[in-house]
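Please read the structure below before turning to the comments.
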Amino acid sequence: NRTDSEEEQLVASIQDRYAVVVGKFTSASGRAGLIGMDTTYDSETAVTQVLKLRAELAKLRETLTEERAIGKADALAEKIEYFCKKNDIIRP
């Protein structure tokens with residue numbers, strides 16, 4: 001069982017943080033629907049973080065040299081793009 005390279009770990013770090021942000025966003029959206037409370041702040045914070053992670057990932061992708069790391073970065077970038085489209089997050 002081989003361990004991830006440093007490049008793969010960098011991608012995984014962004015992926016982990018992305019998962020946390022999506023969880024917070026989903027939770028904020030769910031609460032807003034359930035009790036009608038204003039969770040705009042939570043949602044906007046998550047949106048800001050997603051856009052930051054997308055920018056960070058784009059910068060990282062320019063430096064990657066390993067196929068496995070590039071593949072993981074591409075897959076994560078697709079997930080982020082899908083999330084942005086699905087939630088009407090406009091590109092800055």
Side-chain angles (χ1 to χ4, degrees):
N1 198 359
R2 89 190 235 316
T3 55
D4 285 348
S5 69
E6 189 178 335
E7 286 189 1
E8 288 174 274
Q9 287 171 7
L10 290 169
V11 175
S13 162
I14 295 175
Q15 190 164 5
D16 291 346
R17 286 180 288 148
Y18 170 71
V20 169
V21 170
V22 169
K24 286 181 182 169
F25 182 88
T26 306
S27 162
S29 302
R31 285 198 311 273
L34 281 176
I35 48 184
M37 68 186 253
D38 183 14
T39 56
T40 309
Y41 173 75
D42 292 341
S43 298
E44 285 176 3
T45 304
V47 167
T48 304
Q49 289 174 324
V50 164
L51 293 174
K52 276 186 189 161
L53 287 172
R54 181 170 72 183
E56 190 180 328
L57 180 62
K59 209 176 277 180
L60 176 64
R61 284 167 81 192
E62 292 171 10
T63 67
L64 296 176
T65 58
E66 300 167 15
E67 262 182 57
R68 279 177 58 106
I70 292 167
K72 288 181 178 186
D74 289 348
L76 179 56
E78 260 177 50
K79 276 186 193 165
I80 292 174
E81 288 304 319
Y82 177 76
F83 177 83
C84 290
K85 282 192 184 105
K86 188 177 85 171
N87 294 291
D88 293 327
I89 298 169
I90 309 304
R91 288 172 176 271

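Counting all heavy atoms, side chain and backbone alike, Leu64 lies closest to Ala69 at CD1-O, 3.7 Å.
Rounding to the nearest 0.5 angstrom, the gap separating the OH atom in Tyr18 from the CD atom in Gln49 is 12.5 Å. One distance of note links CD of Glu8 with NZ of Lys72; it measures 4.0 Å at 0.5 Å rounding. Once rounded to the nearest 0.5 Å, the distance linking CD of Glu81 with CG of Leu57 reads 9.5 Å. Atom NZ in Lys24 sits 8.5 Å away from atom OG1 in Thr45 (nearest 0.5 Å). Note: Thr48 OG1 to Leu53 CG = 11.0 Å, rounded to the nearest 0.5 Å.
Using a distance-only test at 3.5 Å, with no hydrogens or angles considered, a donor-acceptor pair links the side chain of Thr26 to the main chain of Val22.
Taking the side-chain hydrogen bond (donor to acceptor under 3.5 Å, both in side chains) definition, one finds that Thr63 meets it with nothing, sequence neighbours left out. Among residues two or more places apart in sequence or in another chain, the side-chain hydrogen bond (donor to acceptor under 3.5 Å, both in side chains) test is passed with Glu56 by Arg17.
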| query | Between Phe25 and Val47, is a side-chain contact (heavy atoms from CB on, under 4.5 Å) present by the stated rule, with each step listed? | reply | CA-CA 8 Å; Phe25 182 88; Val47 167; 3.9 Å; yes
Residues 73-80, side-chain donor-acceptor partners within the protein, below 3.5 Å, at least two apart:
residue : atom : partner : partner atom : Å
Asp74   : OD1  : Arg61   : NE           : 3.1
Asp74   : OD1  : Arg61   : NH2          : 2.8

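The side-chain heavy atoms of Arg68 and Ser5, taken from C-beta on, include no pair separated by under 4.5 Å.
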